Colleague: 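Structure incoming, see below.
Remember, predicted model here, so these are calculated numbers, not experimental data. Heads up: numbering here begins at 1 and tracks the sequence.
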Amino acid sequence: MEPVSGHQAVEAWLAEHMDDLKAWRRHIHANPELSRTEFGTTEFVESWLIKAGLEPRKLPSGTGLICDIGPDGPRIGLRADMDALPLQEYTGLPFASTVPGVSHACGHDAHTTILLGTALALAEIEDLPVGVRLVFQHAEEVMPGGAIDMVAAGAMEDVSRMFALHCDPRLEVGRVGIRVGPITSAADTVELVLDSPGGHTSRPHLTSDLVYAIGTVITGLPGLLSRRIDPRTSTVMVWGAVSAGKAPNAIPQTGMLTGTVRTGDHATWSLLEPMVREIVEGLLAPTGVRYQLNYKRGVPPVVNDEQAVRMFEDAIRGLGPDALADTQQSGGGEDFSWYLEEVPGAMARLGVWSGQGEQLDLHQPTFDIDERALAAGVRVFTNIVLNAH
């Protein structure tokens, strides 16, 4: 009798446990937990890992865990995020969220299920070619992200490369998108609080016109950034909220602007905060309006390493001849980037669209996945490990 290969063992595991994958995903989906409160999800994953004979290590906070499989030495890291969004679900699914105002509208329930399935499938294979570090991460949806906690807890010790999958509702099930270089953007938040003595709109020359000052910054900051920064860096500044005053004939005393600055270029990210401060000061100085600028750095861009991408491509081709897809850089932020500040790695986009009907976007209250993507994700992750040299 010929020995069973690792790939055959994974296929056998999937044939036996596909219903389990769906059940796990539906349980997590029905019981979503917000960032840094993923206690139930962490315990759920931990219990299945222990049943498989593994030894997961929970973070001291009680959310997030790390688990090793295979031989010691340099390891391949595989990461999944577990938190949900503060968003009401409107899918009407029988396993829809049971928590009012909270839902897995970004696919983290699928990410967690795929990594759990990967763990249990690999646990049944003797003599893995390389050690594996499984990182079930909390708090991806908030700043600062849970990836920082994971790195501080030693998640990257002995890890040589890091990999992650993220649901993509624009790709059909069975296809996975990957690219070399930036695949997400740095995302920073700008909050500008302004104040002036206020006054009557008939006499703006006797006070500092706060609304005029706000308008100057609203148009001036994005415009000047676009002239100071190379457009090839995909840098964009957009205001999301503005507030000031109530009466049409009164110059208000206080106002606020909030927005985001995003870039796909790591070097540009380090330049943004001082540049924003310089431009705001120059714009507001002639107005006489006082201000406080709160600039909150978010996450770096996820920049995919070329060799890690080649490893991903090899793993994706194992799904079939048409599985490998191109993908574009996103303007969204992802704290997976913090792992890539430590070691090379890559993130790929996992197709979750059924191929029929509307392609819903992430963070929509009606977002759902085609559950065939769960097996595809397990195959890609296990292929990365089994194909390693």
Colleague: Treating Thr258 as the side-chain partner and Thr189 as the backbone partner, does any N or O pair qualify as donor plus acceptor under 3.5 Å?
Modeller: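 No; judged by distance alone, with no hydrogens or angles, the pair does not exist.
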Colleague: My understanding is that only residues two or more places apart in sequence, or in another chain, count here; which of them pass side chain to side chain donor-acceptor pair (under 3.5 Å) with Thr184?
Modeller: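 Once residues adjacent in sequence are excluded, Thr184 has no partner under the side chain to side chain donor-acceptor pair (under 3.5 Å) criterion.
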Colleague: Do side-chain atoms of Asp158 reach the backbone of Pro74 as a donor and acceptor pair under 3.5 angstrom?
Modeller: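 It does not hold such a pair.
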Colleague: Could you list who else is in Val193's hydrophobic cluster, with ILVMFWY side chains joined at under 4.5 Å, directly or through other members?
Modeller: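 Met256, listed by chain and number.
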Colleague: Do side-chain atoms of Thr287 reach the backbone of Tyr212 as a donor and acceptor pair under 3.5 angstrom?
Modeller: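 Looks like no, no N/O pair under 3.5 Å.
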Colleague: Go through the structure and list residues passing side chain to side chain donor-acceptor pair (under 3.5 Å) with Ser61, not counting sequence neighbours.
Modeller: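 Side chain to side chain donor-acceptor pair (under 3.5 Å) list for Ser61, sorted by chain: Thr63.
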Colleague: Let me check something: any side-chain donor-acceptor pairs from residues 37-45 under 3.5 Å, sequence neighbours excluded? List them with distances.
Modeller:
{"unit_1": "Thr37", "atom_1": "OG1", "unit_2": "Leu34", "atom_2": "N", "d": "3.2"}
{"unit_1": "Thr37", "atom_1": "OG1", "unit_2": "Leu34", "atom_2": "O", "d": "2.7"}
{"unit_1": "Glu38", "atom_1": "OE1", "unit_2": "Arg36", "atom_2": "N", "d": "3.0"}
{"unit_1": "Glu38", "atom_1": "OE2", "unit_2": "Arg36", "atom_2": "N", "d": "3.2"}
{"unit_1": "Glu38", "atom_1": "OE2", "unit_2": "Ala139", "atom_2": "N", "d": "2.7"}
{"unit_1": "Thr41", "atom_1": "OG1", "unit_2": "Glu33", "atom_2": "OE1", "d": "2.7"}
{"unit_1": "Thr42", "atom_1": "OG1", "unit_2": "Glu38", "atom_2": "O", "d": "2.7"}
{"unit_1": "Thr42", "atom_1": "OG1", "unit_2": "Gly64", "atom_2": "N", "d": "3.1"}

Colleague: Keeping the roles fixed (side chain from Ser208, backbone from Leu210), state whether a donor-acceptor pair exists under 3.5 Å.
Modeller: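 Flag not set: sc Ser208 to bb Leu210 has no pair under 3.5 Å.
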Colleague: State whether Arg228 and Glu278 are salt-bridged, where the test is any N-O pair (Lys NZ or Arg NE/NH1/NH2 against Asp/Glu carboxylate O) under 4.0 Å.
Modeller: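 The answer is yes: the pair qualifies as a salt bridge.
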Colleague: Test of understanding: with ring pair (Phe, Tyr, Trp, His ring centres under 6.0 Å), list the residues that count as partners of Tyr90, not counting sequence neighbours.
Modeller: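 Expected list: none.
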Colleague: Within the distance-only criterion (no hydrogens, no angle test), does the side chain of Asn383 pair as donor or acceptor with the backbone N or O of Ala315 below 3.5 angstrom?
Modeller: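 The answer is yes, because a donor-acceptor pair under 3.5 Å joins these two groups.
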Colleague: Side chain to side chain donor-acceptor pair (under 3.5 Å) with Glu172: which residues, sequence neighbours excluded?
Modeller: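 Partners of Glu172 under the side chain to side chain donor-acceptor pair (under 3.5 Å) test: none.
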Colleague: With a 3.5 Å distance limit and no angle check, can you tell me whether Arg75 reaches the backbone of Val130 through a side-chain donor-acceptor pair?
Modeller: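 Answer holds: no.
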Colleague: Same cluster for Ile279 and Ile214 if Ile/Leu/Val/Met/Phe/Trp/Tyr side chains link at under 4.5 Å?
Modeller: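 Same hydrophobic cluster.
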Colleague: For residues 330-346, pull every pair meeting salt bridge (Lys or Arg N to Asp or Glu O under 4.0 Å), keeping only residues two or more places apart or in separate chains.
Modeller: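 Output for this query lists Arg79-Glu334, Arg79-Asp335.
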Colleague: For Trp13, check ring pair (Phe, Tyr, Trp, His ring centres under 6.0 Å) against everything at least two apart and list the hits.
Modeller: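 Checked Trp13 against ring pair (Phe, Tyr, Trp, His ring centres under 6.0 Å); matches are His17.
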Colleague: Do any side-chain atoms of residues 355-365 form donor-acceptor pairs under 3.5 angstrom with protein atoms, and if so which ones, sequence neighbours left out?
Modeller:
{"unit_1": "Gln359", "atom_1": "NE2", "unit_2": "Arg170", "atom_2": "O", "d": "3.1"}
{"unit_1": "Asp361", "atom_1": "OD1", "unit_2": "Arg170", "atom_2": "NH2", "d": "3.3"}
{"unit_1": "Gln364", "atom_1": "OE1", "unit_2": "Asp361", "atom_2": "N", "d": "3.1"}

Colleague: Do the side chain of Trp239 and the main chain of Gly259 share a donor and acceptor less than 3.5 angstrom apart?
Modeller: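 No; zero donor-acceptor contacts below 3.5 Å.
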Colleague: Is the backbone N or O of Asn294 less than 3.5 Å from a side-chain atom of Glu191, with the two atoms forming a donor-acceptor pair by type?
Modeller: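 Judged by distance alone, no pair lies under 3.5 Å.
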Colleague: Is the shortest side-chain N to carboxylate O distance from Glu11 to Arg379 below 4.0 Å?
Modeller: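 The answer is yes: the pair qualifies as a salt bridge.
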Colleague: Give me each pair satisfying ring pair (Phe, Tyr, Trp, His ring centres under 6.0 Å) with a member in residues 142-194, each pair once, sequence neighbours excluded.
Modeller: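 Passing the test, one end in residues 142-194: His111-His166, Phe163-Phe312.
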Colleague: Other than Tyr339, which residues form its hydrophobic cluster under the rule that side-chain heavy atoms must be closer than 4.5 Å?
Modeller: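 Taking Ile, Leu, Val, Met, Phe, Trp and Tyr as members, Tyr339 shares its hydrophobic cluster with Leu59, Ile66, Val135, Met150, Val151, Met156, Val159, Met162, Ile183, Val302, Phe336, Leu340, Val343, Met347.
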Colleague: Taking everything shown except Gln88 itself, do over 12 heavy atoms lie less than 6.0 Å from its CD?
Modeller: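 Yes.
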Colleague: Do NZ/NE/NH1/NH2 and the carboxylate oxygens of Arg161 and Asp305 come within less than 4.0 Å?
Modeller: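 Judged by the 4.0 Å cut-off on N to carboxylate O distance, Arg161 and Asp305 do form a salt bridge.
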Colleague: Flag yes if Leu271 and Val236 sit in one hydrophobic cluster, no otherwise; membership is Ile, Leu, Val, Met, Phe, Trp, Tyr, and two members link when side-chain heavy atoms are under 4.5 Å apart.
Modeller: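 No, because Leu271 and Val236 fall into different hydrophobic clusters, even though each may have its own neighbours under 4.5 Å.
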Colleague: Does Arg262 count as lying over the ring of Trp269, i.e. NZ or CZ under 6.0 Å from the six-ring centre, within 45 degrees of the axis?
Modeller: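 No cation-pi geometry.
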Colleague: Can you run down the salt bridge (Lys or Arg N to Asp or Glu O under 4.0 Å) pairs that involve residues 20-30, sequence neighbours left out, and say none if there aren't any?
Modeller: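 Qualifying pairs, neighbours excluded: Arg25-Asp109, Arg25-Asp368, Arg25-Glu371, Arg26-Glu371.
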